[in-house]
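So the structure is just underneath, and the comments pick up after that.
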Amino acid sequence: MTEGTTSAAAEGADTLTRLEQEGEIAADYLEGLLDIADLDGDIDMDVEADRASVSIISDTGGRDLQKLVGRDGEVLEALQELTRLAVHRETGDRSRLMLDIAGYRAKKRSELSELGAKAAAEVKSTGEPVKLKPMTPFERKVVHDAVKAAGLRSESEGEEPQRFVVVLPA
């Protein structure tokens with residue numbers, strides 16, 4: 001093994017360890033929150049795409065957990081930011097942690113991927129750009145990824161909270 005390979009492997013292991021630590025801190029914070037709110041839920045931690053990922057799931061169908069998702073995921077977004085702040089407080093580093101509650105984000109990701117693919121298909125058939133409705137940064141990222149997978153390009157336009165994706169011809 002060369003020195004560069006050893007260094008890269010050590011750096012990858014350090015990153016994984018740091019992300020796992022973020023997940024542990026987030027899980028502890030969220031467990032405390034669930035206790036305070038008197039809600040049942042299990043915490044699942046993972047590392048996906050170079051970021052910590054934490055999910056709150058329920059064996060009972062997650063009806064109570066829907067309160068933590070809120071309308072259009074607004075409460076989920078706020079909880080994600082609070083969890084990121086809790087991680088930042090403990091580590092001193094900015095966190096890109098993703099939080100999912102009761103499968104909301106996973107379902108949303110699937111719907112948005114389909115939306116991006118449909119918009120790309122429309123652009124391919126008409127040759128005209130397609131503007132989508134305003135979305136959160138998470139939603140735009142998923143659509144951008146789906147458009148890229150379809151072989152087209154896309155851009156975000158506008159100012160928050162009215163920022164939207166435009167799918168462009170190749």
**Study point:** Residue pairs involving residues 27-46 (criterion side-chain hydrogen bond (donor to acceptor under 3.5 Å, both in side chains); sequence neighbours excluded)
**Key:** none
Review point. Does the side chain of Leu30 reach to within under 4.5 Å of the side chain of Leu99, using non-hydrogen atoms?
Key: yes
Study note, to complete from the structure: Besides Ile25, the hydrophobic cluster formed by Ile, Leu, Val, Met, Phe, Trp and Tyr side chains linked at under 4.5 Å, directly or via other members, contains Val87
**Study point:** By side-chain hydrogen bond (donor to acceptor under 3.5 Å, both in side chains) - contacts of Thr136 (at least two apart)
**Key:** Glu139
Check your understanding: Taking all atoms of both residues into account, what is the closest heavy-atom pair of Met45 and Gly23, and its distance?
Key -> SD-O, 3.1 Å
Review point. Sequence neighbours excluded, which residues qualify as side-chain hydrogen bond (donor to acceptor under 3.5 Å, both in side chains) partners of Glu24?
Key: none
Point to revise | Where Val54 and Leu97 come nearest, the two heavy atoms and their spacing | key: CG2-CD1, 3.8 Å
Exercise for review: Determine, using the 4.5 Å side-chain heavy-atom cutoff (strictly less than), whether Tyr104 and Leu112 are members of one ILVMFWY cluster.
Suggested key: no
Review point. Has the side chain of Thr91 got a donor or acceptor atom that lies under 3.5 Å from a matching backbone atom of Asp93?
Key: yes
Review point. From Glu22 CD over to Thr17 OG1, what is the distance, rounded to the nearest 0.5 angstrom?
Key: 12.0 Å
Revision key, fill the gap. Rounded to the nearest 0.5 angstrom, the NZ-CG distance for Lys107 and Asp100 is 11.5 Å
Check your understanding: Where do Glu77 and Arg105 land on the side-chain contact (heavy atoms from CB on, under 4.5 Å) test, with the steps shown first?
Key -> CA-CA 10 Å; Glu77 291 290 333; Arg105 223 181 264 282; 3.1 Å; yes
Review point. For Thr83, what residues pass the side-chain hydrogen bond (donor to acceptor under 3.5 Å, both in side chains) criterion, not counting sequence neighbours?
Key: none
Practice item. Output the distance between atom CD1 (Ile43) and atom CD1 (Ile56), rounded to the nearest 0.5 Å. Key: 4.5 Å
Check your understanding: Considering only heavy atoms from C-beta outward, does the side chain of Leu34 approach that of Leu65 to under 4.5 Å?
Key -> yes
Point to revise | Qualifying residues under salt bridge (Lys or Arg N to Asp or Glu O under 4.0 Å), relative to Glu90, sequence neighbours excluded | key: none
Practice item. Tell me, yes or no, whether the heavy-atom count around Lys124 atom NZ, taken from other residues, nucleotides or ligands under 6.0 Å, exceeds 12. Key: yes
Check your understanding: Going hydrophobic residue to hydrophobic residue with side-chain gaps under 4.5 angstrom, can you get from Val147 over to Met135?
Key -> yes
Check your understanding: So which residues get pulled into Leu16's cluster when ILVMFWY side chains under 4.5 Å apart are joined, directly or through others?
Key -> Leu19, Val47
Exercise for review: Find the distance between CZ (Arg89) and OG (Ser95) and round it off to the nearest 0.5 Å.
Suggested key: 12.5 Å
Practice item. Return the set of residues passing side-chain hydrogen bond (donor to acceptor under 3.5 Å, both in side chains) with Lys141 (not counting sequence neighbours), or none when no residue passes. Key: Asp145
Revision key, fill the gap. Applying side-chain contact (heavy atoms from CB on, under 4.5 Å) to Val75 and not counting sequence neighbours gives Leu79
Can you give the donor-acceptor pairs under 3.5 Å from side chains of residues 160-170 to other protein atoms, not counting sequence neighbours?
from   : atom 1 : to     : atom 2 : distance (Å)
Glu160 : OE2    : Arg140 : NH1    : 3.1
Glu160 : OE2    : Arg140 : NH2    : 2.8
Arg163 : NH1    : Gly158 : O      : 2.7

Revision key, fill the gap. For Asp72, the side-chain contact (heavy atoms from CB on, under 4.5 Å) test, sequence neighbours excluded, returns none
Review point. Are His144 and Ser154 close enough that a side-chain donor and a side-chain acceptor fall under 3.5 Å?
Key: yes
Review point. Where is the tightest heavy-atom contact between Arg84 and Met98, given as atom of each residue plus distance?
Key: NH2-SD, 3.9 Å
Practice item. For Lys108 and Phe138, run side-chain contact (heavy atoms from CB on, under 4.5 Å): C-alpha distance rounded to whole Å, both residues' side-chain angles, the deciding distance at 0.1 Å, then the answer. Key: CA-CA 10 Å; Lys108 191 77 169 171; Phe138 161 76; 4.2 Å; yes
Per-pair distances, 0.1 Å, donor-acceptor, side chain in residues 113-121, under 3.5 Å, sequence neighbours excluded:
from   : atom 1 : to     : atom 2 : distance (Å)
Ser113 : OG     : Arg109 : O      : 3.0
Glu114 : OE2    : Lys118 : NZ     : 3.4

